[in-house]
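Structure, as structure tokens:
Just so it is clear, the model here is predicted, and its values are computed rather than measured.
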Amino acid sequence: MDFNLSEEQLMIQQAARDFAQNELLPGVIERDRDQKFPTEQVKKMGEMGLLGMMVDPQYGGAGMDSVSYVLAMEEIAKVDASAAVVMSVNNSLVCAGLEKFASEEQKVKYLTPLASGQVIGAFALSEPEAGSDATSQKTTAEDKGDYYLLNGIKNWITNGGTASYYIVIAQTDPEKKHKGINAFIVERGWEGFEIGLKEDKLGIRGSDTHSLIFNNVKVPKENRIGADGFGFNFAMAVLNGGRIGIASQALGIASGAYELALKYAKTRKAFKTEIINHQAIAFKLADMATQITAARMLCFKAACEKDAGKDISESGAMAKLYSSQVAMDTTIEAVQIHGGYGYVKEYHVERLMRDAKITQIYEGTSEIQKIVISRSIAK
Ligand code: CAA
């Protein structure tokens, strides 16, 4: 087991760190306040290869490994968790799903602009009445011969208002339950496809979360991904990888809060000494550092297993379950260490605490991760 990063991985980590400090940090408080999407920054992330990191260069990607992805995600999320989720969804849910399962024509037409960052994508599975219980899809896609007629509503869709292409999961044959579900590539602007309301969220407020409304949208048959009835298995397979992205986002939120708390504790004085010299504070920081290191190892393990072509349902779920808990615990303690300063926007940690919560909810709640892990270990 080699715990050393390669030169290339260190370079990617440094490039993402520099980008986060120089391009994401300025304005991050205002974007959170105003719910402003980081349009210019995401464009630059595309130019840097951060939006299709693991995709084959043949399809516009950067051809990197998944450990590099974890490293870059951590650095971006440390500073701007909203930009990190845009990156995670585009990389792990949209590009990875298309690269693994789409037809050659679909890859050329859709994956190439998505992986090169010319456009961004969204993944539409959740519905008003189907979140964790993903098989209970109410959105329908009726087979009309050479096209499907798509009807229904999707909820809480990341990149919902800014994406150009959407992977939409829908029920084509309710009698077949999950075997009657399909995944489709839907283009923004198609007749009957309306972008619904933008959500006013607790955290990741710079990201763009919308409902989507499909009213008799004609989807050409060639836009179905994989064989008929493959949509649910497609979604599950994609989410296994997606969980590495969100685990790394959570890791970044935690390490961002930890670094700020450590810096503050080394300079802030109380009772005639820097507060890091008080054991009450030092022990909090020791716990944070230990848990963050453990979370990082779980992310690396899942990433290495993904690159080795192994089943990552268990390791991805473990990484997400643990890292998201660490993100919550660390950010709460980072606010506590900052005292009154932690409660105001200027010091960043209150934003990180709000951002952390969603990592325990999206791409499978912590309870769903425990279902996935327990089923895997019971096998
Ligand atoms: N990996 C691969 N396949 C899986 C799987 C996994 N982790 N979990 C289930 N499957 C497969 C099963 O093998 C089975 O396939 P076969 O019939 O071919 O054998 C099929 O899926 C159905 O499995 P189950 O009977 O176990 O299904 P279930 O109804 O009990 O549900 C579940 C399983 C794990 C709870 C699933 O519904 C689930 O993961 N729910 C959470 C959904 C989720 O993560 N939503 C997040 C929305 S996306 C998002 O948040 C994106 C964003 O914008 C940030």
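The aromatic ring centroids of Y166 and F193 lie less than 6.0 Å from each other. Annotation: F300 is not in aromatic contact with F3 [ring centroid separation under 6.0 Å not met].
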(message) Is there a side-chain contact (heavy atoms from CB on, under 4.5 Å) between M53 and M87? Walk through the geometry before answering.
(response) CA-CA 9 Å; M53 283 188 73; M87 177 174 160; 3.8 Å; yes
(request) Please report the C-alpha distance between W190 and N223 in whole Å, then the side-chain angles of each, then the deciding distance to 0.1 Å, and finally whether the side-chain contact (heavy atoms from CB on, under 4.5 Å) criterion is met. (result) CA-CA 13 Å; W190 278 357; N223 276 35; 3.3 Å; yes
(message) Could you walk me through whether S324 and S366 satisfy the side-chain contact (heavy atoms from CB on, under 4.5 Å) test, starting with their C-alpha distance in whole Å, then the side-chain angles of each, then the deciding distance to 0.1 Å, before giving a yes or no?
(response) CA-CA 8 Å; S324 59; S366 294; 4.0 Å; yes
(request) Evaluate side-chain contact (heavy atoms from CB on, under 4.5 Å) for I225 paired with I167, printing each intermediate quantity in order. (result) CA-CA 9 Å; I225 301 172; I167 295 179; 4.1 Å; yes
(request) For the pair E333 and K284, evaluate salt bridge (Lys or Arg N to Asp or Glu O under 4.0 Å) and give the outcome as yes or no after the intermediate values. (result) CA-CA 7 Å; E333 290 294 43; K284 282 187 200 299; 3.3 Å; yes
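For residues 290-303, the salt bridge (charged side-chain N to carboxylate O under 4.0 Å, His left out) pairs, not counting sequence neighbours, are E74-R296, K301-E305. Residue pairs meeting the salt bridge (charged side-chain N to carboxylate O under 4.0 Å, His left out) criterion with at least one partner in residues 161-176, sequence neighbours excluded, are D173-K176.
At a threshold of 4.5 Å between side-chain heavy atoms, the hydrophobic network of Ile, Leu, Val, Met, Phe, Trp and Tyr places L98 and I120 in two separate groups.
For A20, the side-chain contact (heavy atoms from CB on, under 4.5 Å) partners are L24, V79, not counting sequence neighbours. With sequence neighbours left out, K107 forms a salt bridge (Lys or Arg N to Asp or Glu O under 4.0 Å) with no residue at all. By the side-chain contact (heavy atoms from CB on, under 4.5 Å) test, K370 is found to be paired with L321, residues two or more places apart in sequence or in another chain being considered. Under the side chain to side chain donor-acceptor pair (under 3.5 Å) criterion, E129 pairs with no residue, sequence neighbours left out.
Cation-pi geometry between K221 and Y148 is met: the NZ or CZ atom falls under 6.0 Å from the ring centre, inside 45° of the normal. In this structure, K218 satisfies the cation-pi test against Y147, with its NZ or CZ atom closer than 6.0 Å to the six-membered ring centre and inside 45 degrees of the ring normal.
Taking 4.0 Å as the cut-off between side-chain N and carboxylate O, E47 and K44 do not count as a salt-bridged pair.
For the pair T273 (side chain) and K269 (backbone), a donor-acceptor distance under 3.5 Å is absent.
T172 pairs with exactly one of D143, T140, N182 by the side chain to side chain donor-acceptor pair (under 3.5 Å) rule, that one being N182. Considering E222, E187, E104 as possible partners of K109, the one that fulfils the salt bridge (charged side-chain N to carboxylate O under 4.0 Å, His left out) test is E187.
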